[in-house]
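Every heavy atom of this structure was used, including side-chain atoms; hydrogens, water molecules and symmetry mates were not.
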Amino acid sequence: VLDIGFVNTLQPHQAEAEDQETWDQSGAEAPVLNMFDYVMFGKIYRKTEEGGEVHVNVSFGGLLMKLSGSRKEFDAMHLDDRIYILASKVSA
C-alpha cells in the first residue's frame, strides 16, 4: 500500500512561482524530501471532463499518469502546472 500526495513546491513557505530551475540534491533545501520514499517532478499536459468526471494527465519525464475523480478533487490542478508526486510505502 502506498501513501501518495501531490504538491506544487517542495519548499514549505515558498510560492510555486518561486521554485527554482536547479535543485540541490543534498536534501538541505527541502526537508519534506526526507519524509517520502519516492519523489518525482512532472507537468500536467491534459485535463478533460466527461460525464461529471475529471481526468488529469501528468508526464513525469516520459512516465505518464492518468488521474480520475470529481471536479472538486482536481480543482486546484491546471493545464501546464508543474507538480511533484510524493510517495511512501505504508505497508506490505
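Transitive grouping of hydrophobic side chains (ILVMFWY, heavy atoms separated by less than 4.5 Å) brings L63 and L2 into a common cluster. Hydrophobic clustering (side-chain heavy atoms under 4.5 Å, transitive across Ile, Leu, Val, Met, Phe, Trp, Tyr) groups I4 together with L67. M35 and F41 fall within a single hydrophobic cluster, where Ile, Leu, Val, Met, Phe, Trp and Tyr are joined by side-chain heavy atoms under 4.5 Å apart, directly or via other members. Connection of L64 to I44 is not established within any shared hydrophobic cluster, with ILVMFWY side chains joined at heavy-atom distances below 4.5 Å, either directly or through further cluster members. Cluster membership check: M77 does not share its hydrophobic cluster with Y45, using side-chain heavy-atom separations under 4.5 Å among Ile, Leu, Val, Met, Phe, Trp and Tyr.
Atom-to-atom distance recorded for D3:CG and S88:OG is 6.0 Å, nearest 0.5 angstrom. One distance of note links CZ of F60 with CD1 of I83; it measures 4.5 Å at 0.5 Å rounding. To the nearest 0.5 Å, atom CD of residue E53 and atom CZ of residue F74 are 8.5 Å apart. For the atom pair CD (E49) and OG (S68), the distance works out to 11.5 Å, reported to the nearest 0.5 Å.
Residues Y38 and L86 have side chains not in contact (no heavy-atom distance under 4.5 Å, counting atoms from C-beta outward). Looking only at side-chain heavy atoms (C-beta outward), N57 and K47 stay at 4.5 Å or farther from each other. Residues L10 and Y84 are in side-chain contact: their nearest non-hydrogen atoms beyond the backbone lie under 4.5 Å apart. Looking at M65 and I85, their side chains come closer than 4.5 Å, going by heavy atoms from C-beta outward.
Distance alone, capped at 3.5 Å, places no donor-acceptor pair between the D75 side chain and the K72 backbone.
Ion pair K43/D80 flagged as a salt bridge, since at least one NZ, NE, NH1 or NH2 atom sits closer than 4.0 Å to an Asp/Glu carboxylate oxygen.
A donor-acceptor contact closer than 3.5 angstrom is absent between the side chains of H55 and T48.
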